[in-house]
Novice: 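Dropping a structure here in structure tokens format, bear with me for questions.
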Amino acid sequence: MTNTIIHMEGIKKHFGNVIALNGVTFDVSSGECHCLLGDNGAGKSTFIKTMSGVHKPTEGTITFEGKPLSFSSPRDAMEAGIATVFQDLAMIPLMSVTRNFFMGREPTKGRGLLKRFDVDAANEVCMEEMRKMGINLRAPDQAVGTLSGGERQTVAIARAVYFGAKVLILDEPTSALGVRQTSNVLSTIDRVRGQGIGVVFISHNVRHAMAVGDRFTVLNRGQTLGTAKKDEITSAELQDLMAGGQELAKLEGSLGGTI
Amino acid sequence: MTNTIIHMEGIKKHFGNVIALNGVTFDVSSGECHCLLGDNGAGKSTFIKTMSGVHKPTEGTITFEGKPLSFSSPRDAMEAGIATVFQDLAMIPLMSVTRNFFMGREPTKGRGLLKRFDVDAANEVCMEEMRKMGINLRAPDQAVGTLSGGERQTVAIARAVYFGAKVLILDEPTSALGVRQTSNVLSTIDRVRGQGIGVVFISHNVRHAMAVGDRFTVLNRGQTLGTAKKDEITSAELQDLMAGGQELAKLEGSLGGTI
Amino acid sequence: SDIIVVAHGQANDPFWSVVKNGVQKAGEDTGANVEFRSPETFDMVAMGQLIDAAVNQEPDGLVVSIPDADALGPAIERAVAAGIPVISMNSGSDVAKGLGVLLHVGQSEYDAGKAAGEKLASMGGTKGICVNQEVGNVALDLRCEGFADGFAQEVNVIPTQADPAEVESKVRAALDSDPDVDTILGLGASLVGEPAVAAAQALGRDDVLIASFDLSAGFLKHVSEGRAAFAIDQQQFLQGYLPVAFLALNAEYGLMPGGDVPSGPNLVTQDAAGQVIELSAQGIR
Amino acid sequence: MTSNAESTSDERVKSESLVTKFMKRPELGAMGGVILVTIFFYMTADSTMFTLSGTMNFMTPAAQLGILGIAAAMLMIGGEFDLSIGSMIAFAGMIFGVLTVNFGLPLILAIPLTLGAAASVGAVNGTIVIRTGLPSFIVTLAGLFILRGVSLVGLKLFSGGSTQLRGVRDALEGDPLIEIFSGDAFESLFSYLASIGMVETFKNGASKVPGIPVEILWFILLAAVATYVLLRTPVGNWIFATGGDSNAASNSGVPVKKVKISLFMLTAMAAALVAIITVIDAGSTDARRGFMKEFEAIITAVIGGCLLTGGYGSAIGAFFGAIIFGMVTIGLTYTNFDQDWFQVFLGGMLLLAVVFNNVIRKRVTGEH
Amino acid sequence: MTSNAESTSDERVKSESLVTKFMKRPELGAMGGVILVTIFFYMTADSTMFTLSGTMNFMTPAAQLGILGIAAAMLMIGGEFDLSIGSMIAFAGMIFGVLTVNFGLPLILAIPLTLGAAASVGAVNGTIVIRTGLPSFIVTLAGLFILRGVSLVGLKLFSGGSTQLRGVRDALEGDPLIEIFSGDAFESLFSYLASIGMVETFKNGASKVPGIPVEILWFILLAAVATYVLLRTPVGNWIFATGGDSNAASNSGVPVKKVKISLFMLTAMAAALVAIITVIDAGSTDARRGFMKEFEAIITAVIGGCLLTGGYGSAIGAFFGAIIFGMVTIGLTYTNFDQDWFQVFLGGMLLLAVVFNNVIRKRVTGEH
Ligand SMILES: Nc1ncnc2c1ncn2[C@@H]1O[C@H](COP(=O)(O)OP(=O)(O)OP(=O)(O)O)[C@@H](O)[C@H]1O
Ligand SMILES: Nc1ncnc2c1ncn2[C@@H]1O[C@H](COP(=O)(O)OP(=O)(O)OP(=O)(O)O)[C@@H](O)[C@H]1O
Ligand SMILES: [Mg+2]
Ligand SMILES: [Mg+2]
């Protein structure tokens with residue numbers, strides 16, 4: 001693949017005596033949606049955090065646009081064009097929606113000493129982006145801490161989509177979303193992929209993954225189980241891999257095969 | 001219904017100038033799973049928080065086992081036999097899994113001045129309950145803050161199931177769970193319902209709701225859209241109600257009708 | 001010989017830094033190995049512990065100030081019982097003998113306050129305030145008490161914190177709200193005396209009599225130029241110097257004076273102030 | 001993508017009066033306290049307290065405290081404390097005194113050097129906090145002791161044995177910059193006002209208020225700039241984010257470390273500014289300057305509505321907090337109460353002021 | 001339900017040495033500081049510092065501080081501060097002095113009454129904090145001023161105008177309970193040990209160590225009880241939960257309000273205990289007793305690893321923290337350093353001790 005944006009090779013990550021990642025290899029190309037799947041605690045979040053500069057890998061190399069690179073902070077990764085929706089959302093509850101939306105990348109107006117945070121423009125962009133995702137905010141200065149779970153998650157997604165220049169990483173972005181918002185997010189993924197952005201999508205929902213994914217990598221207990229293209233695998237096989245090969249409890253019948 | 005455990009009538013809740021609930025009526029009987037559905041920000045979490053004693057309703061009455069009642073704290077609700085998995089989980093990140101599991105209801109041994117927290121028994125119960133849900137903890141004294149998102153959610157669910165004597169309220173319990181854990185939770189709901197416990201289940205996943213729900217109540221913008229029995233409604237109808245009647249984005253084809 | 005000094009005032013307090021300079025000078029002059037110690041704040045419990053620590057080292061002589069005989073008594077008695085010669089200085093003249101202390105060098109705080117009060121009354125003061133920057137410090141409270149008794153007119157105590165700006169504002173407030181106040185006694189020259197003069201100047205009240213305990217170069221300048229009445233000098237350099245010198249001599253030759261040494265009070269008025277300024281700037285007076 | 005039919009009006013929002021909107025701003029809560037305290041003294045204190053000269057009198061210490069308090073508030077919003085600012089006043093005062101008296105430097109050099117020295121200490125504090133991950137409470141506590149100790153040693157060294165270094169005023173006689181850092185501003189205006197009777201005068205006709213003490217102007221300036229920075233610039237957003245959750249902020253691309261170090265430098269420089277103003281004013285400096293001021297600065301910030309946990313507060317709040325504190329400390333002297341009750345009174349008034357503006361705010365905004 | 005095949009051994013956990021496990025406990029980190037400080041003084045101080053009598057000497061202030069520090073640590077773990085404990089020492093001392101001297105009550109009455117008075121003030125503090133939702137910092141700050149002011153007024157009233165009340169020792173002469181609250185324990189044992197030469201004596205033959213000062217025993221007792229409560233009882237779990245996130249704790253059924261009020265009562269009573277011990281020991285009390293102790297108690301807790309944000313820390317940590325602080329403050333007098341450098345030294349040692357145990361802990365546990 002000539003258009004690989006980011007390539008991670010043999011990533012290991014230890015927390016004290018806990019081995020969270022034990023050699024994971026992964027890449028994402030422009031214009032594709034690469035799904036990262038796996039059981040709870042498999043290491044997905046830890047992995048994407050090394051990709052977005054939050055954690056330094058204990059071992060392994062990162063190649064960004066062909067050059068070896070190591071992000072020393074999330075800001076570096078962001079400036080390289082990587083935007084992330086973290087599983088814990090990285091929101092400040094006491095701050096307003098707009099301030100959270102633009103945190104770290106505030107639009108300014110004016111010049112020199114008068115260069116200031118362009119609050120009006122920011123409010124407008126923020127309301128508009130949220131509306132695109134299916135949430136009508138009451139006011140852009142509502143504190144994020146008083147938003148509902150789904151509203152909050154939508155802020156994080158809208159923010160990442162707005163700033164995701166080259167790679168967009170989404171860690172379980174639809175977990176708290178309603179049906180309408182979920183379908184908006186999935187179609188947004190489709191749209192940005194069309195614009196040549198590489199998307200890393202983490203989900204526990206096989207159906208969501210199958211709906212937008214081009215490739216699927218499954219992690220299990222800190223290691224890669226393998227990568228498959230969309231046409232090489234079925235929902236059922238994927239679900240089996242995600243469960244780490246262990247049996248599922250009954251009830252499946254009424255769920256129609258996939259959870 | 002003679003076996004109604006809790007009945008909430010005309011519940012309103014205002015936060016300053018925000019109207020979160022505008023007259024919601026809801027009840028749950030023993031041995032049933034009553035699903036509470038609705039769009040993001042519809043007021044589901046706010047509603048169940050009034051049910052579990054966290055918020056005092058601005059207006060409206062609560063009848064518990066036939067007697068009018070008002071919980072003055074979550075502890076009261078808990079002592080009445082209501083256990084809740086909150087959407088934000090109500091976990092203390094710095095504390096160990098076991099300590100979180102038993103927070104507020106610690107098992108003791110010994111007597112009088114020597115009455116003490118029975119740490120060993122607690123650890124054992126906690127590990128065992130987590131295992132039942134499909135999570136093998138490394139150690140019961142790991143801090144909850146270092147657990148993965150799904151692991152953490154599982155602790156909250158296992159705790160509520162363990163202590164839910166009469167009513168079990170689950171606010172989007174499966175949002176961060178893997179397929180294996182999800183199927184465990186769904187089958188757990190089925191099991192406790194069989195034991196005569198009333199379950200309130202909030203979800204955005206129509207399929208999960210259909211899989212375990214007996215009745216479905218849909219909230220929209222702080223008001224009840226209506227309640228339906230399982231055999232009175234189809235998935236598609238339900239999903240339509242949950243989206244608040246608004247159109248969904250495309251992509252549905254590949255999702256096979258339900259999100 | 002080893003001599004340890006335990007005092008209740010801190011090394012960064014202008015008054016006590018002069019005492020400490022006296023201690024050091026005596027150490028240099030006699031060749032004794034001296035150490036000056038004090039608790040971090042006016043704290044009798046901590047001071048007792050410091051005396052205990054000193055006693056444990058069994059020095060050849062111990063110098064203490066005794067602002068609270070009840071609290072420090074046991075520790076001092078322990079030193080005496082251990083055979084360590086003890087001299088008290090600064091405060092405690094009335095109780096020293098009873099504790100087995102050999103002699104006392106200093107001035108009674110109460111008497112000094114009283115002397116100041118009498119002098120201010122004789123200069124025509126009719127209503128006074130006593131500005132206390134550390135209320136609850138018994139040594140300072142005694143000064144105000146003495147002042148009130150010696151002045152024999154109405155005296156109000158103004159408590160303040162150790163901040164010159166606040167002292168200045170409070171003195172202004174006191175003068176502003178009660179024009180009858182015409183006499184101010186400060187309990188520290190740089191912390192109270194100087195701001196008090198500034199406050200009176202700002203209000204154009206040249207008639208106010210201002211006196212202060214202890215010396216500072218700035219306050220002495222005010223005295224010499226007539227903006228303040230006088231400063232009360234305990235000559236605390238002596239309180240540091242003499243006991244150390246006595247104990248050093250005692251260790252070497254067994255010498256010891258036969259009675260207490262009064263180091264003050266000495267009122268520094270306009271004529272004397274000029275010559276004292278330089279010495280004060282060097283931390284000797 | 002979704003229907004834009006719903007306009008901005010929302011059936012789930014009750015309409016809100018202007019007063020409510022106003023009271024929701026935390027900084028304005030502290031104003032309630034100021035009003036309460038003013039009313040109290042208006043009724044109990046001597047009338048001279050609220051004359052122009054009386055007001056200047058309690059505003060001067062309030063301004064000195066407020067300069068520190070506003071800086072402390074910004075640092076606290078950024079999630080950290082600085083306990084060394086009190087000692088920093090003594091330290092910066094010592095540096096400034098030595099530069100002007102012993103080295104004879106003019107203000108144009110002495111002031112930048114003093115501010116620079118303070119800023120570098122602040123940078124060291126910040127760097128230690130960030131490198132070690134220790135709470136700033138304990139790191140700057142060490143700074144509290146160390147700086148105070150160094151000031152003592154330095155003063156003794158440069159004054160030849162005394163803990164006081166004097167002669168600053170003489171050394172700066174005629175310095176062109178002295179007007180900005182000491183004395184009173186608008187002097188001619190005030191003497192004009194006095195001559196036409198708009199300002200009280202002494203019996204001899206001189207104006208009772210020679211001008212506005214410069215620290216008050218600095219105080220107001222700092223409050224305005226700090227408010228602007230906090231609310232209207234990207235950096236302000238970073239400060240709130242850093243204090244709200246430094247992990248989340250860092251994950252969102254906020255340069256958390258730089259923000260924190262800059263804030264430590266800012267508080268240190270605010271302390272140095274207070275030191276410069278007070279040292280020129282008094283003409284001398286000593287080792288006890290600024291004693292306990294770190295504490296009062298934090299009090300000021302908290303009265304003004306800052307949360308100790310960070311991420312919430314305002315500079316305007318600290319501004320009013322300083323005025324409340326200044327008014328209460330000085331005010332009792334204007335009353336006829338027994339001065340022994342000073343501390344009881346101070347504590348009681350502080351509590352009352354804070355509780356009062358809390359009650360008002362809750363009543364008005366309908367929170368629980 | 002799921003396979004139980006996986007045994008407890010997990011391929012994703014590296015094995016861990018005993019040392020690592022040990023060092024992971026935060027409280028033991030503070031031990032590193034104690035060791036460092038000990039080594040330092042062992043090399044620089046007079047050899048008498050680590051004799052039995054020297055040890056008792058620095059342990060006495062450490063114990064008095066530690067009693068406060070452990071209580072403050074528990075309160076801090078519970079998410080609150082109490083700035084009024086320093087003043088509470090003066091207040092409780094005043095009450096105790098008045099009860100014994102002016103009213104002539106025996107200890108069996110005076111002590112419960114004093115503790116009761118302190119506890120009710122603590123309860124008031126706690127109730128105000130909970131009712132108003134104000135930060136405890138500001139509420140107890142008001143308490144700091146009020147209690148100190150009341151002590152001053154009370155002392156003046158009952159001592160006839162002085163700020164000092166004397167004669168407690170005489171009033172309690174022969175009281176049977178006095179042994180528990182003052183002086184030294186195991187006196188006969190120690191004089192026996194001295195007579196056989198196991199304990200150092202003065203030149204004149206008297207034992208240098210009359211016994212173990214009772215405060216040290218109280219200190220150890222309190223540390224043990226507090227540790228037991230925190231780690232081994234439901235209440236301990238509630239305290240951690242309350243401080244960690246009072247919302248989440250309350251939602252999980254922890255009686256957050258009761259926990260907080262009890263902790264405020266506890267700290268107040270700890271201060272009263274220190275007051276009783278020191279007043280009997282000194283035989284007098286004055287209005288400045290306990291000045292700044294609130295501050296030192298918080299320092300102690302923080303050195304011992306408590307987080308200011310609550311929810312984390314230990315009583316054992318505070319125990320070692322108090323020993324570090326006591327050793328550093330008294331230790332300097334055993335060395336030849338000039339007293340002028342005392343504060344520089346104190347600050348430096350504190351920072352060093354804290355940084356050191358932090359570095360050690362990180363190195364050992366492999367955290368970053
Ligand atoms: N800071 C940490 N210290 C110790 N262990 C950690 C830490 N962070 C993560 N872990 C452990 O590493 C493992 C991987 O966690 P991670 O969050 O990456 O899982 P995940 O795949 O994202 O799971 P989920 O689907 O539940 O979100 C977990 O078992 C977790 O307990
Ligand atoms: N404390 C609060 N102050 C102001 N508004 C609030 C507060 N809590 C909730 N709200 C508002 O009330 C509405 C209902 O919130 P709630 O959390 O109940 O929604 P929800 O149905 O649970 O949504 P989700 O599915 O996203 O979790 C939201 O619009 C939210 O912004
Ligand atoms: Mg995850
Ligand atoms: Mg919700």
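Side-chain atoms are counted along with the backbone in the values below, which use heavy atoms only and exclude waters and symmetry mates. In what follows, chains carry the letters A, B, and so on, assigned in the order in which the sequence lines appear, proteins first and then strands, with residues in each chain numbered from 1.
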Novice: Is it the case that over 12 heavy atoms from other parts of the model lie below 6.0 angstrom from the OH atom of B/Y162?
Specialist: no
Novice: Should we count CD of B/E124 as having more than 12 external heavy atoms under 6.0 Å?
Specialist: no
Novice: Which atoms form the tightest heavy-atom contact between E/R232 and B/R116, and what is the distance?
Specialist: O-CB, 3.1 Å
Novice: Find the distance between CG (E/N251) and CG (B/L89) and round it off to the nearest 0.5 Å.
Specialist: 11.0 Å
Novice: Could you tell me if the side chain of B/F117 sits less than 4.5 Å from the side chain of E/N237, heavy atoms only?
Specialist: yes
Novice: Decide whether a cation-pi geometry holds between B/R75 and E/W238; the criteria are a distance under 6.0 Å from NZ or CZ to the six-membered ring centre and an angle within 45° of the ring axis.
Specialist: yes
Novice: Is there a side-chain contact between E/V235 and B/E106 in this structure, where contact means two heavy atoms from C-beta onward sitting under 4.5 Å apart?
Specialist: no
Novice: So which atom in B/R99 and which in E/L231 form the shortest heavy-atom distance, rounded to 0.1 Å?
Specialist: NH2-O, 2.8 Å
Novice: So B/L94 and E/L307, do their side chains get closer than 4.5 Å, heavy atoms only?
Specialist: yes
Novice: Do B/K115 and E/T233 have side-chain heavy atoms sitting under 4.5 Å apart?
Specialist: no
Novice: Specify the closest pair of heavy atoms between B/A90 and E/S252, including all atoms of both residues, with the distance to one decimal.
Specialist: O-OG, 3.4 Å
Novice: Which one wins on heavy-atom pair count under 4.5 Å against chain B: E/V229, E/N247, E/D245, E/V256?
Specialist: E/D245
Novice: Is it true that, when you exclude E/E179 itself, more than 12 heavy atoms of the residues, nucleotides or ligands shown sit nearer than 6.0 Å to its CD?
Specialist: no
Novice: If you take all heavy atoms of E/A241 and B/M103, which pair is closest and at what distance?
Specialist: CB-SD, 3.3 Å
Novice: Could you tell me the separation between the CZ atom of E/F240 and the CG atom of B/N100, rounded to the nearest 0.5 Å?
Specialist: 12.5 Å
Novice: Sort B/T108 into side chain, backbone, both or neither according to what part of it lies under 4.5 angstrom from a heavy atom of chain E.
Specialist: side chain
